[in-house]
Amino acid sequence: MTAPLLVLGVGNPSRGDDALGPLFVERAGVALEREVSSGALELLTDYQLQIEHALDLAGRARVVFVDASVRAAPPFELSRVTPLRDTSATTHAMSPAAVLDALSKLGEAPPESWVLAIRGERFELGDELSEEARQNLDAALEYFIGETRGRSDGPSGRRLEIEGIVQGVGFRPFVYRVARALGLTGAVWNTPAGVVIEAFGAARTLDALVRALQTEAPAAARIRAIRATEIAAREVEAFTIAPSARGGAVTMVLPPDLATCDACLREVADPADRHHDYVFTSCTDCGPRLAIARALPYDRATTTMASHTPCTDCAREYALPEDRRFHAQTLACPACGPRAWLADTRGHELRMADPIDAAGALLAEGKILGVQGLGAFHLVCDATNADAVRELRRRKRRDEQPFAVMVADVGAAAAVATFDDASRAALTSAARPIVLAPEIAEAIAREVNGASRRTGVMLPYTPL
């Protein structure tokens, strides 16, 4: 059996673009799964080249060192390296030539060796991968995969099993749009373990689908693993979203409830939009997830939305690939979705035209309300009303512990506390956390913060 091609990716994943080597290996392993499983390709990664890597090269016919470099011409440089001559753009303390020289001193013939140096820009600890590096990585992968497979454009098939947070985040609609744009056929569906894709087309186009999964997935998605398996090519008319598969062990993870996105907030505020003032507005990018799930896989039928049949307008959005509510399991509007109501202290509904306005009026009068959120109740009162806050403390038996203050937006937050860039970014993140910030004196009742001189501020995470 011919010795496999060894690809050694070098770099620290925590140092920005220094992650290019390990990322190259990770993504090549998915795209070239057939070659890996057949033994034709072997992949390794390490933070640095070390003398011990000479042993990994023993008996090899060919090796490719993959590294990030600030010296390489973008998007990448491919250069030959020998024990005595290293003209590559690699910048690590131990060069590939030194590793080959160590192998020679062990009495082994060095393999044909190349350095694939991918241009990087940022290398500080904690940096994210730069956009330039992402593009350079894509170009290097496309070249390497094409060379490894002989640039075959014949029909092929691939099954991709994806694990992680990939349900309830618009993942299937994302896959559908990418696959259709690439001209692939096949299907995507949910399973108790995650998401499965079976796609058919040219091998290079299937590689492009894999790269899109790794680099362009929805913001709330978190891919833990992609398992790729080559399958026989077959004639399929189009790419579709198939019904979810049932049965088997549940190993997937649902995302937490997602704060309302800016697009939905604009609709809620727009008197001309059918979602105007609708407190349960959401889309594939936001809204309840974990709080409404009854079973997995995550579909409308397995959530508390099952009893709400979408109206004609919502059904049209659900079926339209270009719409952001395409296959959104929580989509609803005043015509077909759940409604809000106001109840008295005994739980009896109070009939009125606008329960939201009525609740606001009661708060302005100094009353205390229980507002049912997605997962629990918020006990609320007017934070500028000292009597109301004192009464809430008495009822809660909370003498000193500070209360959190919910405000409408960033402007309102700046009126009650002082924020720097980091705390402001946290405040507006999708998690919508309570952010502790230095108080602004007399902006709210002194009773809210107790002995603390910081105010806990949060933005709403639902339209309600």
| Taking NZ, NE, NH1 and NH2 as the nitrogens, is one of them in R134 or E216 under 4.0 Å from a carboxylate oxygen of the other? | no

| said: Between R224 and E161, does any NZ, NE, NH1 or NH2 come within less than 4.0 Å of an OD or OE carboxylate oxygen? | reply: no

| field | Ring geometry between Y278 and F280 (parallel below 30°, tilted from 30 to 60°, perpendicular above 60°) | value | perpendicular

| query | Roughly how far, to the nearest 0.5 Å, is CG of L23 from CG of D18? | reply | 10.5 Å

| said: Is any side-chain heavy atom of V416 closer than 4.5 Å to one of E439? | reply: no

| said: If we check side-chain contact (heavy atoms from CB on, under 4.5 Å) with L8, which of these qualifies: T45, V64, D56, L49? | reply: L49

| Minimum heavy-atom distance A306-A301, with the two atoms named | CB-O, 3.8 Å

| remark: dist F76:CZ -> L116:CG (nearest 0.5 Å) comes out at 6.5 Å

| task | Could you check E267 against R325 for salt bridge (Lys or Arg N to Asp or Glu O under 4.0 Å), going step by step and ending with a plain yes or no? | result | CA-CA 13 Å; E267 291 175 342; R325 293 191 173 93; 2.6 Å; yes

| Is there a donor-acceptor contact under 3.5 Å from the side chain of R432 to the main chain of P460? | yes

| Would you say the side chain of R398 lies within less than 4.5 Å of the side chain of F403, judging by non-hydrogen atoms? | yes

| message | Test salt bridge (Lys or Arg N to Asp or Glu O under 4.0 Å) on R274 and E317; report intermediate values, then the result. | response | CA-CA 13 Å; R274 66 191 186 90; E317 290 179 339; 2.9 Å; yes

| note | When L32, L44, L41, V36 are each screened for side-chain contact (heavy atoms from CB on, under 4.5 Å) with V7, the one that passes is L41

| Who pairs with I165 by side chain to side chain contact (heavy atoms under 4.5 Å, CB included), at least two apart in sequence or on another chain? | V169, R222, V253, P255

| request: Measure the OG-CG distance between S14 and L125 for me, rounded to the nearest 0.5 Å. | output: 6.5 Å

| said: Using a strict threshold of under 4.0 Å (side-chain N to carboxylate O), is an ion pair present between E163 and R227? | reply: yes

| task | Determine, stepwise, if the pair L137 / I118 fulfils side-chain contact (heavy atoms from CB on, under 4.5 Å). | result | CA-CA 7 Å; L137 175 61; I118 307 173; 4.1 Å; yes

| message | I'd like to know if E391 and R393 make a salt bridge, using a cut-off of under 4.0 Å between side-chain N and carboxylate O. | response | no

| query | Does the pair L379 and K396 meet the rule for a side-chain contact (heavy atoms from CB on, under 4.5 Å), with working shown? | reply | CA-CA 9 Å; L379 296 182; K396 285 282 291 179; 3.5 Å; yes

| query | Do R177 side-chain atoms and P321 backbone N/O form a donor-acceptor pair below 3.5 Å? | reply | yes

| query | Does T303 reach the main-chain N or O of T330 with its side chain, forming a donor-acceptor pair under 3.5 Å? | reply | no

| task | Start with the C-alpha gap between D299 and R172, add the side-chain angles, then the distance that decides, and say whether salt bridge (Lys or Arg N to Asp or Glu O under 4.0 Å) holds. | result | CA-CA 11 Å; D299 291 300; R172 287 178 300 171; 3.4 Å; yes

| task | Looking only at non-hydrogen atoms, find the nearest pair between C286 and A259 and report the distance. | result | CB-O, 3.1 Å

| message | With a 3.5 Å distance limit and no angle check, can you tell me whether E198 reaches the backbone of V196 through a side-chain donor-acceptor pair? | response | no

| message | Give me the atom names and distance for the closest heavy-atom approach of I197 to V188. | response | CG1-CG2, 3.8 Å

| request: Can you establish whether the number of heavy atoms outside R453 located under 6.0 Å from its atom CZ is more than 12? | output: yes

| query | Should the heavy atoms of other residues, nucleotides or ligands under 6.0 Å from CD of E442 be counted, would the total exceed 12? | reply | no

| message | Using modelled atom types and a 3.5 Å cut-off, is there a donor and acceptor pairing between side-chain atoms of N136 and backbone atoms of R119? | response | yes

| said: Which label fits F144 and F24: parallel for a plane angle under 30°, tilted from 30 to 60°, or perpendicular past 60°? | reply: perpendicular

| Flag, side chain of R300 to backbone of H308, donor-acceptor distance under 3.5 Å | yes

| query | So does E365 have more than 12 non-hydrogen atoms from other groups sitting under 6.0 Å from CD? | reply | yes

| message | Do D17 and D127 have side chains that approach each other closer than 4.5 Å (heavy atoms only, starting at C-beta)? | response | no

| Which pair of heavy atoms, one from D138 and one from R211, lies closest together, and at what distance? | OD1-CD, 4.0 Å

| task | Answer yes or no: is there a side-chain heavy-atom contact under 4.5 Å between V371 and L464? | result | yes

| message | When you compare the side chain of M305 with that of S282, does any pair of heavy atoms fall below 4.5 Å? | response | no

| query | Which atoms form the tightest heavy-atom contact between G201 and L206, and what is the distance? | reply | O-CD1, 3.9 Å

| field | R390/E447 salt bridge by N-O under 4.0 Å criterion | value | yes

| query | Can you check whether F419's main-chain N or O pairs, donor with acceptor, with S423's side chain at less than 3.5 Å? | reply | no

| So, are D207 and R158 salt-bridged, with charged N and O less than 4.0 Å apart? | yes

| query | Within a strict 4.5 Å, meaning less than it, do heavy atoms of the T455 and I440 side chains meet? | reply | no

| query | Do Q50 and D46 have side-chain heavy atoms sitting under 4.5 Å apart? | reply | yes

| Any side-chain heavy-atom pair from F326 and L320 closer than 4.5 angstrom? | no

| message | Between T284 and R324 (side chain of the first, backbone of the second, donor and acceptor by atom type, cut-off under 3.5 Å), is there such a pair? | response | yes

| field | Heavy-atom donor-acceptor pair, D257 side chain to G287 backbone, under 3.5 Å | value | no

| Sidechain N-carboxylate O distance under 4.0 Å for E349, R351 | yes

| query | Can you name the closest pair of heavy atoms from A332 and C336 and give their distance? | reply | CA-SG, 4.2 Å

| message | Evaluate Y298 against V166 for side-chain contact (heavy atoms from CB on, under 4.5 Å), listing each step before the verdict. | response | CA-CA 10 Å; Y298 178 78; V166 289; over 6 Å; no

| task | Before giving the answer on side-chain contact (heavy atoms from CB on, under 4.5 Å), spell out for L43 and L6 the whole-Å C-alpha distance, their side-chain angles and the decisive distance to 0.1 Å. | result | CA-CA 6 Å; L43 305 169; L6 174 65; over 6 Å; no

| Donor-acceptor contact present, side-chain R346 to main-chain A343, <3.5 Å | no

